[in-house]
Amino acid sequence: MDEPELLLDSNIRLWVVLPIVFITFLVGVIRHYVSILLQSDKKLTLEQVSDSQVLIRSRILRENGKYIPKQSFLMRKFYFNNQEDGFLKNTKRKVVPPSPMTDPSMLTDMMKGNVTNVLPMILIGGWINWTFSGFVTTKVPFPLTLRFKPMLQQGIELLSLDASWVSSASWYFLNVFGLRSMYSLILGQDNGADQSRIMQEQMSGAAIAMPADTNKAFKAEWEALELTDHQWALEGVEEELMSRELDLDGMFSKELPTGIF
Amino acid sequence: MLYESMSFLYYLNPEKYKLRKWREDNHRNSEQIVDVGEELINEHASKLGDDIWIIYEQVMIAALDCSRDDLAWTCLQELKKQFPGSQRVKRLAGMRLEALEKYEDASKQYDSILQDDPTNTAARKRKISILKAQGKSAEAIRELNEYLEQFVGDQEAWHELSELYINEHDYGKAAFCLEELMMTNPHNHLYCEQYAEVKYTQGGLENLELSRKYFAQALKLNNGNMRALFGLYMSASHIAASPKVNATVKKANVKYAAWATNQINRAYQLAGRGTKENKCSVKAVEEMLESMQITMS
């Protein structure tokens with residue numbers, strides 16, 4: 001812990017900290033508009049739309065089947081899972097796994113994703129590191145171990161300097177993630193400048209990629225539905241209802257609600 | 001954050017805020033929309049910026065409802081100029097043709113949309129509404145069934161189908177549609193109540209029991225649903241009066257009916273405390289309930 005805190009030149013604040021914030025922000029906005037321009041229309045086939053809705057319906061049947069009478073639940077379960085002609089059992093879709101090599105549109109999508117997101121980050125990170133090197137920019141408010149020094153203090157060759165003092169490159173990366181909420185404020189939700197969201201999507205993309213695995217999805221749904229039983233939620237509804245008086249407060253006020261206007 | 005921006009807008013431009021609220025809540029108060037929207041378009045077009053396009057769409061649909069062809073035409077022209085070749089605008093053009101009862105032309109318009117984009121649900125639904133407007137309910141039902149085979153998740157369509165079946169007195173199938181809606185919206189008391197009414201209409205002891213249960217569920221979800229309360233009373237009384245039930249069931253249903261009666265009376269007492277008119281209506285309710293009393297042992 002530094003007893004005498006380092007006093008940084010206030011010029012650093014003026015000419016380093018603030019410009020990096022502006023640069024990051026503007027680059028993010030530009031990225032958002034570029035991604036809008038480069039967006040390719042994803043055309044879904046009728047079959048894909050239909051299948052995804054069927055899967056949703058089957059899931060709803062599993063989750064909320066307890067609200068409909070037993071007979072109706074069994075009727076639907078039979079429709080889906082029947083040995084001979086159940087929908088989930090017997091519908092086989094032609095599956096074309098969209099690998100990047102064979103599917104040209106996937107390839108361009110991936111390239112666009114890389115160009116708009118990863119490339120600028122690397123370029124600008126490197127440029128900032130080169131321009132604003134040789135001095136300490138800011139201090140992170142929590143203590144860090146020495147292992148972080150080479151990562152966060154690029155270009156500053158001081159062995160005794162506390163690892164909490166970081167260089168401008170790390171300030172840049174802090175900004176990239178920190179300005180996310182600013183982006184949603186200004187560009188609205190779902191903006192193309194939201195890097196961490198994109199990275200999250202890439203990681204969970206495997207889970208969401210439905211089109212290729214329709215057959216597997218059907219099989220999984222079939223199994224899950226087989227296991228579901230019908231516990232009618234309305235068994236004791238009258239007793240529950242009549243255990244107390246109805247709450248009629250506020251139903252009959254003298255003034256009719258006039259709405260907002 | 002959304003609310004702050006919305007209330008900010010209210011002070012800047014109350015009409016725009018009103019239109020947006022109606023749009024988001026799906027209100028169909030067409031006359032009001034036409035009044036507010038027409039004024040907005042004619043006087044304040046410059047202040048609206050890009051919002052004007054969605055306002056044009058909203059006002060156009062309202063104008064069609066109110067038979068304001070002139071206004072609908074102007075809105076359509078503006079939208080066509082701005083978005084040539086857009087399917088959304090084509091659908092609006094089709095709707096205008098429907099309003100003018102030129103059903104053949106409207107149908108052709110929707111077919112052209114579907115050629116370009118077979119997944120376009122709006123055009124398919126408009127075609128079905130043309131059939132409904134022409135009174136061809138059997139065909140409308142058939143088309144709607146085919147539509148639902150492809151798009152099982154469309155709740156609006158399920159509800160429409162249930163209505164069509166009720167009109168055809170095919171209560172079994174209407175019940176099926178309502179079950180779909182109940183599953184996707186388990187907390188909506190109105191679907192429970194509608195389902196119970198259909199079951200009650202179907203009749204038969206089993207259906208009456210089901211209807212009583214679903215009326216009770218609707219009441220549980222919303223204590224203020226008077227229709228469900230009356231339904232509960234009616235179904236319980238009918239079961240109690242039926243000769244086929246055994247004594248325990250009869251006793252239970254009599255208890256339910258009595259409870260429902262109490263609640264109805266309470267509600268009517270609360271409804272108009274102290275007003276003279278109310279005293280008459282309370283008495284009327286009591287008499288009605290007594291006349292509906294089936295002899296209970």
Side-chain angles (χ1 to χ4, degrees), chain A residues 41-73 75-76 79-80 87 181 184-186 188-189 232-254 259-261, chain B residues 1 10 14 17-18 21 32 36 117-119 121 149-154 175-176 178-180 182-187 191-192 195 199 206 210 212-217 219-220 222-226 229 232 236 252-253 255-256 259-260 262-264 266-273 275 278:
Chain A
D41 280 326
K42 264 190 248 157
K43 278 247 158 122
L44 288 171
T45 64
L46 187 54
E47 203 179 74
Q48 280 175 325
V49 170
S50 172
D51 284 345
S52 60
Q53 291 200 0
V54 168
L55 283 170
I56 292 177
R57 181 170 176 231
S58 164
R59 183 174 54 100
I60 298 254
L61 180 65
R62 269 187 297 126
E63 288 172 7
N64 290 342
K66 56 188 190 210
Y67 293 110
I68 58 177
K70 191 171 182 111
Q71 189 62 23
S72 321
F73 174 82
M75 182 163 64
R76 287 167 168 86
Y79 165 74
F80 277 125
F87 187 82
S181 40
S184 11
L185 196 67
I186 302 202
Q189 290 289 52
W232 203 22
L234 268 62
E235 271 307 337
V237 65
E238 285 104 346
E239 300 306 319
E240 276 177 48
L241 179 64
M242 299 183 191
S243 60
R244 58 182 112 84
E245 301 279 314
L246 285 183
D247 177 15
L248 298 167
D249 276 338
M251 230 172 71
F252 306 110
S253 59
K254 275 280 166 221
I260 309 182
F261 313 110
Chain B
M1 190 241 120
Y10 178 77
Y17 175 61
K18 277 189 219 176
K21 180 129 205 337
Q32 279 179 303
V36 173
D117 178 14
T119 63
T121 55
E149 251 177 78
Q150 300 286 340
F151 299 98
V152 243
D154 191 336
F176 184 91
L178 285 168
E179 280 159 8
E180 292 289 321
M182 280 201 299
M183 277 202 297
T184 42
N185 305 286
H187 300 294
Y191 291 144
C192 282
Y195 182 70
K199 283 288 165 198
E206 214 178 276
L210 271 179
R212 188 197 69 221
K213 283 219 175 282
Y214 279 94
F215 277 128
Q217 173 77 346
L219 269 179
K220 198 172 117 184
N222 179 355
N223 274 347
N225 192 336
M226 285 304 290
L229 188 52
L232 179 61
N253 278 289
K255 189 177 76 153
Y256 299 147
W259 181 88
N262 277 335
Q263 300 303 319
I264 295 178
R266 249 188 84 221
Y268 271 89
Q269 302 281 1
L270 278 172
R273 277 164 286 202
T275 57
N278 179 248

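Only this structure's heavy atoms are used, side chains among them; waters, hydrogens and symmetry mates stay out. On a predicted model such as this, the values are computed, not experimentally measured, just so you know. Convention: sequence-line order gives letters A, B, ...; per-chain numbering from 1.
Only the side chain of B/L210 comes within less than 4.5 Å of a heavy atom of chain A; its backbone N, CA, C and O stay farther away. Of the atoms belonging to B/E180, heavy atoms from both backbone and side chain fall under 4.5 Å from chain A. Of the two parts of A/I68, the backbone and the side chain both hold a non-hydrogen atom closer than 4.5 Å to a non-hydrogen atom of chain B. Proximity to chain B is absent for every atom of A/Q71, based on heavy atoms less than 4.5 angstrom apart. Residue contact with chain A, scored on non-hydrogen atoms closer than 4.5 Å, involves the side chain of B/L232 exclusively.
Counting only heavy atoms from C-beta outward, the side chains of A/P69 and B/Y214 approach each other to under 4.5 Å. Counting heavy atoms from C-beta on, the side chains of A/L46 and B/F151 come closer than 4.5 Å.
Ranked by heavy-atom pairs under 4.5 Å with chain B, the list A/V54, A/V49, A/V237 is led by A/V237. No other option in B/E149, B/K220, B/Q150 has as many heavy-atom pairs under 4.5 Å with chain A as B/Q150. Of all the listed residues (A/M75, A/E240, A/M242, A/K66), the one sharing the greatest number of non-hydrogen pairs under 4.5 Å with chain B is A/M242.
The distance from atom OG of A/S72 to atom CE of B/M182, rounded to the nearest 0.5 Å, is 7.5 Å.
One N or O on the side chain of B/K213 and one on the backbone of A/E235 form a donor-acceptor pair closer than 3.5 Å. Of the possible polar contacts, one joining the A/Q53 side chain to the B/V152 backbone as a donor-acceptor pair under 3.5 Å is found.
Under the side-chain hydrogen bond (donor to acceptor under 3.5 Å, both in side chains) criterion, B/Y191 pairs with no residue at all, not counting sequence neighbours. Scanning for side-chain hydrogen bond (donor to acceptor under 3.5 Å, both in side chains) contacts around B/N185 gives B/Q155, with sequence neighbours left out.
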Please step through side-chain contact (heavy atoms from CB on, under 4.5 Å) for the pair B/Y256 and A/E239, ending with a clear verdict. CA-CA 9 Å; B/Y256 299 147; A/E239 300 306 319; 3.1 Å; yes
